[in-house]
Amino acid sequence: MENKAIAKIFKLYSQLMELFDENPFRTKAMASASFKIDKLPFSAAGVTIDQLSTQPGIGKSTAEKIITILETGSFPELDNLIAQTPQGVLAMLTIKGLGPKKIRSIWKDLGIESIGELLYACNENRLMEAKGFGLKTQEEIRKSIEFSNANQGLFLYAKVEKIAATLLGSLVSHFPDQQHVFTGDMRRKCEIISSVDILTTCSISEIQSFLREMPAYTAEEQQDTAVQLSDELGVRYRIQTTSEERFAIDLLITTGSETHIRELQTIRRTLPTFASEEAIYEALGLSYIEPELREGAGEINWAKNGQLPQLITYADLKGTLHNHSTYSDGVHSLEQMAMYCKDELGLSYFGICDHSKTAVYAGGLSIERVKEQWIEIEQLNQKLAPFRIFSGIESDILSDGSLDYPDDILAKFDFVVASIHSNLRMDEEKATQRLITAIENPYTTILGHPTGRLLLSRPGYPIDYKKVIDACVANQVVIEINANPLRLDLDWRWQRYALEKGILLSINPDAHRTEGLTDMQYGVYVARKGGLSPERCLNAFSLEEIEQYFAKKKR
DNA sequence: GCCGTTTTCGGCCCGACTGTTTTCAGTCG
């Protein structure tokens, strides 16, 4: 089991302790243990109980619980609290804006034990009756439940990717002589997946007998040429069968999107059958369109006129900007992060952007710490040359749009990523103005995660995209594509507008540990959806080019 | 529950923001 999963279990334990009104100090100790476990620079599964209990914030009792979790998946005290909590009350913990204290009141005072009942109570104006609740809280909770309901059955691409590969892999090993590929949303690399679609040349009866050997999947629906199934996580799958002859055309049609296919059909009502997708596009008078681009957002006109962009690939990335280290809330040290980029990823530069001083909860850097980091960067740059570490900062954009350090400090960074982390509840006008003020700051190099969204979990503040992008153009500010699979923010749907305006984008992993650096792959997927080519991507610049870019920006 | 010690008991304790209060509790990043 990974540290993150163990940390989640302790988080749940501390939430339940709070729900049951246990000693707040013990509760806090568990919450802090969760945090500490998540930030351990080694796997808890690989060390002894003594090594665990010498870690700060992890005592003997917590270490024992960790061991029990590794052996059994849980521990008795937690099981006991779970047994006393109705399923629906447990589920309330996932609703934004609702913490254990409020849930306790909802459960114990109003007798509400499920999210369905809770929504009903909001609509009936009954939540306001409970102490500590008012109209606004009730509205927030109602909105939050509706947001979460709308996301039922949807999964992050990154979460589905590995489990979907298992099913595809089984098909391949069962039927090595047949063709099996992802199609649909998976093949178009959509950031949110509602169904994992697979196209296969197996017959339907072969698929049926194959599935009988796979008890982990439940059949949902049988059709003549397809089966739908689901797994224990609730991920839905659709396996579509086809013939060798129709493979390419069925691949094209099932890949979609629906809009893209409809637009193709306006060129020729019945799409022709050829041996490859390339040949089909060619017969329609189009150059080949990469699956990621097939969203009906102008790509057919590009293909008609030979204007398709050369889409960026992972191999085009020469470096990485916006990453964290143990200076703030990262797991690995500056040197470990840089070395990983140099030796494991073969990159030629690394940008460090730890949190700025306002982000106290994340160990944001005081000016003194910033200066210490600059000294270490200088030493490492001598040691690692020609590899280069760029000194950056992820500066909080404060409520009035200003940045987090005085100008003389901001001026000394190689580059500055400006992001919003606090006071997220804003209307569109306020959010847009706050961002524009930050964009107009002469020290801002990159605008970090423009909307603050967390996919399937938090919508992000509303912004006027055009105004924000136009301001970036006017002030030569790069927009980040935050590649964390929960963010993928800037949304690819706005990339095409940004690129038309001549903007540069940067695929930033926002890594808090070495493993997080390869999240850049998810950024590449959505960047391709948005039509990004390497020459318009800041971290696809060579070391010399980006040095010049930063130097010019600073002038 | 963890930690550190004037060492086995007593103190621990993000801070801003919001909404609900009318001085503070709960939630979040």
Side-chain angles (χ1 to χ4, degrees), chain A residues 10-11 13-39 52-66 68 75 77-78 81 92-107 109 122 127-144 324 328-330 354-366 394-400 404 419-427 430-431 434 448-449 451-454 457-461 482 484 486-487 489 510 512:
Chain A
F10 276 94
K11 173 90 181 296
Y13 184 48
S14 84
Q15 285 177 313
L16 289 179
M17 287 171 81
E18 203 172 352
L19 183 66
F20 284 93
D21 217 10
E22 297 201 6
N23 181 313
F25 291 117
R26 291 167 65 188
T27 303
K28 249 200 185 125
M30 289 299 96
S32 112
S34 166
F35 187 76
K36 292 278 160 49
I37 293 163
D38 188 37
K39 299 287 180 196
L52 282 172
S53 60
T54 52
Q55 293 296 314
I58 301 176
K60 187 159 170 285
S61 158
T62 300
E64 280 168 2
K65 289 187 177 75
I66 294 174
T68 313
F75 56 92
E77 295 93 327
L78 174 61
L81 290 186
M92 288 179 203
L93 288 169
T94 62
I95 298 172
K96 285 261 174 236
L98 261 190
K101 291 279 169 62
K102 285 215 161 94
I103 294 175
R104 182 177 170 81
S105 169
I106 288 168
W107 176 26
D109 299 342
C122 289
L127 212 58
M128 290 174 61
E129 292 168 13
K131 191 160 173 263
F133 289 80
L135 186 61
K136 289 206 173 172
T137 306
Q138 178 174 278
E139 261 314 278
E140 282 303 309
I141 291 174
R142 192 182 59 74
K143 269 197 241 162
S144 185
H324 299 263
S328 64
D329 60 347
D354 275 308
H355 285 284
S356 62
K357 63 178 198 291
T358 300
V360 184
Y361 61 91
L365 273 55
S366 65
E394 181 176 23
S395 173
D396 265 30
I397 300 174
L398 306 178
S399 280
D400 63 357
D404 209 6
S419 320
I420 291 181
H421 289 109
S422 58
N423 197 359
L424 302 175
R425 279 192 218 169
M426 296 173 281
D427 60 28
K430 166 110 205 302
R434 187 174 170 189
H449 45 69
T451 75
R453 75 177 181 185
L454 296 177
S457 149
R458 180 174 82 196
Y461 38 84
N482 190 295
N484 185 308
L486 264 169
R487 294 190 183 268
D489 179 20
D510 200 353
H512 286 69

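Because the structure is predicted, anything quoted here is derived from the model rather than measured. Computed from heavy atoms alone, side chains included, the values below leave out hydrogens, waters and symmetry copies. In what follows, every chain begins at residue 1, and chains take the letters A, B, ... in the order their sequences are listed.
- Here A/Ser399 reaches the OP1 or OP2 of B/dC17: one of its side-chain N or O atoms lies under 4.0 Å away.
- For B/dC2, the OP1/OP2 oxygens have no side-chain nitrogen or oxygen of A/Ser32 closer than 4.0 Å.
- Distance, A/Glu140 CD to B/dT20 P: 10 Å, rounded to whole Å.
- Toward the 5' end of DNA chain B, the nearer of the two residues A/Gln138 and A/Leu98, judged by each one's closest nucleotide, is A/Gln138.
- Within the structure, a side-chain polar atom (N or O) of A/Arg425 is placed less than 4.0 Å from OP1 or OP2 of B/dG19.
- Annotation for A/Lys430: atom NZ counts as buried by contact number, over 12 foreign heavy atoms lying within 6.0 Å.
- The partner of B/dG29 is B/dC14, judged by Watson-Crick or G-U wobble contacts that both fall below 3.5 Å.
- Here, B/dG15 and B/dT7 have their C1' atoms 33 Å apart, quoted to the whole Å.
- Note: CZ (A/Phe10) to C1' (B/dC2) measures 13 Å, nearest angstrom.
- One interatomic measurement links the two molecules: CG of A/Asn23 to C1' of B/dC13, which rounds to 12 Å at whole-angstrom precision.
- Proximity of A/Lys131 to the phosphate of B/dA25: no side-chain N or O atom is located under 4.0 Å from OP1 or OP2.
- Backbone-only engagement by A/Pro100 is indicated by non-hydrogen atom pairs under 4.0 Å involving sugar-phosphate atoms exclusively.
- Put simply, A/Thr137 has a side-chain N or O that comes within less than 4.0 Å of OP1 or OP2 on B/dT20.
- Within 4.0 Å of A/Thr62, counting heavy atoms only, lie sugar-phosphate atoms of the nucleic acid but no base atom.
- As rounded to the nearest Å, B/dC14 and B/dG10 have P atoms that lie 22 Å from one another.
- B/dG19 and B/dC9 are spaced 39 Å apart, taking the C1' atom of each and rounding to whole Å.
- Within 4.0 Å of A/Lys96, counting heavy atoms only, lie sugar-phosphate atoms of the nucleic acid but no base atom.
- Of all nucleotides listed (B/dG29, B/dT20, B/dG1), B/dT20 comes nearest to the side chain of A/Lys136.
- In the set B/dG29, B/dT27, B/dC3, the nucleotide with an atom closest to the side chain of A/Lys101 is B/dT27.
- Between the C1' atom of B/dC28 and the CG atom of A/Leu454 lies a distance of 11 Å, rounded to the nearest Å.
- Note on A/Gln55: only backbone sugar-phosphate atoms sit closer than 4.0 angstrom, heavy atoms only; bases stay farther off.
- Using atom P as the reference point in both B/dA16 and B/dT22, the two lie 24 Å apart (nearest Å).
- In this pair, A/Phe75 and A/Tyr13 present their aromatic rings perpendicular. The plane angle is above 60°, beyond the 30 to 60° band.
- Remark: the separation of the P atoms in B/dC12 and B/dC17 is 26 Å, to the nearest Å.
- In this entry the distance linking CG of A/Leu19 with C1' of B/dG26 reads 14 Å, nearest Å.
- Nucleotides B/dA25 and B/dT21 have their P atoms positioned 13 Å apart, rounded to a whole Å.
- For the OP1/OP2 pair of B/dT18 and a distance below 4.0 Å, the side-chain nitrogens and oxygens of A/Asn423 include at least one atom meeting the criterion.
- Atom pair A/Lys65:NZ and B/dC2:P shows a separation of 7 Å (rounding to whole Å applied).
- Shortest non-hydrogen contact noted between A/Ile58 and A/Ile66 is CG2-CD1, 4.3 Å.
- Spacing of P atoms, B/dT8 relative to B/dT18, comes out at 47 Å, to the nearest Å.
- An aromatic stacking contact links A/Phe25 with the base of B/dC12, defined here by ring centres under 5.5 Å apart and ring planes under 30° from parallel.
- In summary, of the residues considered (A/Met17, A/Glu18, A/Met92), a side-chain contact (heavy atoms from CB on, under 4.5 Å) with A/Pro100 occurs for A/Glu18 alone.
- If you take CD of A/Glu18 and C1' of B/dC13, they are 13 Å apart, rounded to a whole angstrom.
- The main-chain N or O of A/Thr451 is found under 3.5 Å from a side-chain atom of A/Asp489 such that the two form a donor-acceptor pair.
- Look at the C1' atom in both B/dT5 and B/dG11: the space between them is 11 Å, to the nearest Å.
- For A/Phe35, the CZ atom sits in a loose shell: 12 or fewer heavy atoms of surrounding residues, nucleotides or ligands are nearer than 6.0 Å.
- Of the charged side-chain nitrogens involved, none lies within less than 4.0 Å of a carboxylate oxygen, so that A/Lys143 and A/Glu139 do not count as a salt-bridged pair.
- Atom CG in A/Asp21 sits about 13 Å away from atom C1' in B/dA25, given to the nearest Å.
- Between A/Lys102 and A/Gly132, it is A/Gly132 whose nearest contact on DNA chain B lies nearer the 5' terminus.
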